[in-house]
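What follows is a single structure, written as structure tokens, with notes after it.
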Amino acid sequence: MNELAPCVFVLFGATGDLTKRKLAPALYALHREGYLPPTFAVLAYARRDKNDESFRADIKAAITEFAPKLPTEGEDWDSFLARWFYQRGEFDKPEDYAGLSERLTQMDTERNAPCNRLFYLAIPPEQYETVAEQLGKAKLNKTAPDCGAWTRVIIEKPFGYDLETSRQLNETLGRFFGEDQVYRIDHYLGKETVQNILVFRFANEIFEPLWNHKYIDHVQITVSEKIGVEGRGNYFDQSGIARDMLQNHAMQILSLVAMEPPVSLDANAVRDEKVKAVRAIRPIAKNEVSTMTVRGQYSGYRTEEGVASDSITETYAALKLHVDNWRWAGTPFFVRAGKALPSRVTEIAVQFKSIPQVLFAKMKRDDVKPNVLVIRIQPDEGIHLVVGAKEPGQAMNLAPVDLSFSYREAFPDAVIADAYERLLLDAIRGDASLFTRGDEVQASWALLTPILEAWRESGRDVQPYFTNTWGPERANGFLGEGRTWREP
């Protein structure tokens, strides 16, 4: 089942945590499933003084620790490990890129393979522009004319720190790579349930006629984590939850929920509609930020390692957004993300409008619950539709019941692959559907940057909340009269 084109997967920052936890296990899974052709190879590029054999030992240790269910003995394992090679080099030295170019040419000759290149920048974001520029100067951004092959580059989030830095990053990438060569990876888009949003919306006729402001009261998007910063205090205190999760994960989900049907499943057709949805979101003016947003910080955050003792960085944020187009006019989208909350969950809750109080007028209003459609992205991937039903007995009492679909129950024999497996597979195939385009990145930063600036100017207007609660007290009344946050 060799569906992938032969290429050399050049992994910058290969000695880092991402390689150990995600990339090496994902590549091993693809190898075991038969997707990697015989001439596929990985060339690790990093600054540490290693060679092929010592780095292969590191890969074995990483798989043993982070993917213990995968075997690290036998013929299958040996053939996988033989795909890995190591090249020592700095990120900013032209002579090291000349050495990299020579090594790649040598590998192509030895493998008798086309010179396809996939550069993965598993490095700190501040190094992206340096590496892109050095690749360009070494002419590694384009394949030699006699090869007739392709070159692509993958970069991890964050794609900039605000609107200005995201523009600068896009401009630098654009000087050396075409947009069709750049794959901005957000692992959330590789999750099975995220991909299924398009299928659920556009392959089921019963939902699309209701998917608009006439029938939907509001939409809630929750991206929560139970843990705190967990040793990432130095990074997180400079970022905050809005940059870390709202600008990318939450906005990706919102765009898929709000977008119009694409003309095809072609990558650019899908991404065109996502960009339109993000651009349709009404900007929040600085003088509206205090009423349209809530930010909080969990108790004990300032004592975390790497966090300033007087930090005002938000660990919780909620936004009230309006998508100003024909479909969604008047229907608010409430988006929240936070750390140290009661559970780790990512879900979309679409609450439909309440029924007219006619047939059940004698009942308490709270007894007649509106329908809610819940799309659970993680954990326990699935879809739930909450409907009203009569309780057994003589009285006419209503109760909400859950019509549930669970991926694991519906497909018990299926293996839900890690998001990185799907995304790496797509990048090598050249399918950019699940990767973020440059104009979408800038559209989301254009929305978020004024909010971040207003928060910074407002000083210490950050609300405290206890760990294992659903955010600051002010967030409870944020949705307005008659609406409450769903507790997953």
Taking only Lys NZ, Arg NE, NH1 and NH2, and the carboxylate oxygens of Asp or Glu, determine whether [X] and [Y] approach each other closer than 4.0 Å.
X: Lys286; Y: Glu453; result: yes
X: Glu208; Y: Arg327; result: yes
X: Arg282; Y: Asp324; result: yes
X: Arg376; Y: Glu381; result: no
X: Arg486; Y: Glu347; result: yes
X: Arg232; Y: Glu305; result: no
X: Lys20; Y: Asp58; result: no
X: Glu179; Y: Arg437; result: no

Check for a donor-acceptor pair, side chain of [X] on one end and backbone N or O of [Y] on the other, with a separation under 3.5 Å.
X: Asn196; Y: Val199; result: no
X: Thr315; Y: Tyr298; result: yes
X: Thr313; Y: Asp237; result: yes

How long is the gap from [atom1] on [X] to [atom2] on [Y], to the nearest 0.5 Å?
X: Asn325; Y: His213; atom1: CG; atom2: NE2; value: 9.0 Å
X: Trp485; Y: Phe334; atom1: CH2; atom2: CZ; value: 7.0 Å
X: Met292; Y: Leu319; atom1: CE; atom2: CG; value: 9.0 Å
X: Leu447; Y: Gln442; atom1: CG; atom2: CD; value: 14.0 Å
X: Asn476; Y: Thr469; atom1: CG; atom2: OG1; value: 8.5 Å

Crowded around [X] [atom1]? As in, over 12 foreign heavy atoms under 6.0 Å?
X: Leu265; atom1: CG; answer: no
X: Phe66; atom1: CZ; answer: yes
X: Glu205; atom1: CD; answer: no
X: Lys157; atom1: NZ; answer: yes
X: Phe405; atom1: CZ; answer: yes

Using a 6.0 Å distance limit plus a 45 degree cone around the ring axis, check whether Arg32 lies over the aromatic ring of Tyr28. yes
Please test Arg243 against Gln238 for side-chain hydrogen bond (donor to acceptor under 3.5 Å, both in side chains), starting from the C-alpha separation and ending with a verdict. CA-CA 9 Å; Arg243 288 186 172 93; Gln238 301 300 315; over 6 Å; no
Taking atom types as modelled and ignoring hydrogens, do the side chains of [X] and [Y] form a donor-acceptor contact shorter than 3.5 angstrom?
X: Asp426; Y: Tyr183; value: no
X: His187; Y: Asp418; value: no
X: Tyr316; Y: Gln463; value: no
X: Asp266; Y: Ser264; value: no
X: Gln252; Y: Thr436; value: yes
X: Arg295; Y: Ser458; value: yes
X: Ser309; Y: Arg302; value: no

Ring geometry between [Y] and [X] (parallel below 30°, tilted from 30 to 60°, perpendicular above 60°):
X: Phe55; Y: Trp84; value: tilted
X: Phe12; Y: Tyr45; value: tilted
X: Phe40; Y: Phe9; value: tilted

Check the pair Asn170, Arg184 against side-chain hydrogen bond (donor to acceptor under 3.5 Å, both in side chains), reporting the backbone distance first and the verdict last. CA-CA 11 Å; Asn170 280 341; Arg184 298 169 185 83; 3.0 Å; yes
Minimum heavy-atom distance between [X] and [Y], given as atom pair plus value:
X: Phe91; Y: Ile123; answer: CZ-CG2, 3.5 Å
X: Glu314; Y: Ala317; answer: CG-CB, 4.3 Å
X: Tyr215; Y: Leu210; answer: CB-O, 3.5 Å
X: Ser311; Y: Tyr301; answer: OG-CE2, 3.5 Å
X: Gly233; Y: Val307; answer: CA-CG2, 3.9 Å
X: Thr331; Y: His218; answer: CG2-CA, 3.8 Å

Is there a side-chain contact between [X] and [Y], using heavy atoms and a 4.5 Å cut-off?
X: Val345; Y: Asp380; value: no
X: Pro262; Y: Asp272; value: no
X: Leu27; Y: Val42; value: yes

Evaluate Ser444 against Gln247 for side-chain hydrogen bond (donor to acceptor under 3.5 Å, both in side chains), listing each step before the verdict. CA-CA 6 Å; Ser444 61; Gln247 185 273 332; 2.8 Å; yes
List the steps, then state whether side-chain hydrogen bond (donor to acceptor under 3.5 Å, both in side chains) holds for Trp455 with Thr293. CA-CA 10 Å; Trp455 283 350; Thr293 74; 3.2 Å; yes
Criterion salt bridge (Lys or Arg N to Asp or Glu O under 4.0 Å) on Arg271 and Glu440, from CA distance to verdict: CA-CA 8 Å; Arg271 298 194 293 180; Glu440 183 180 354; over 6 Å; no
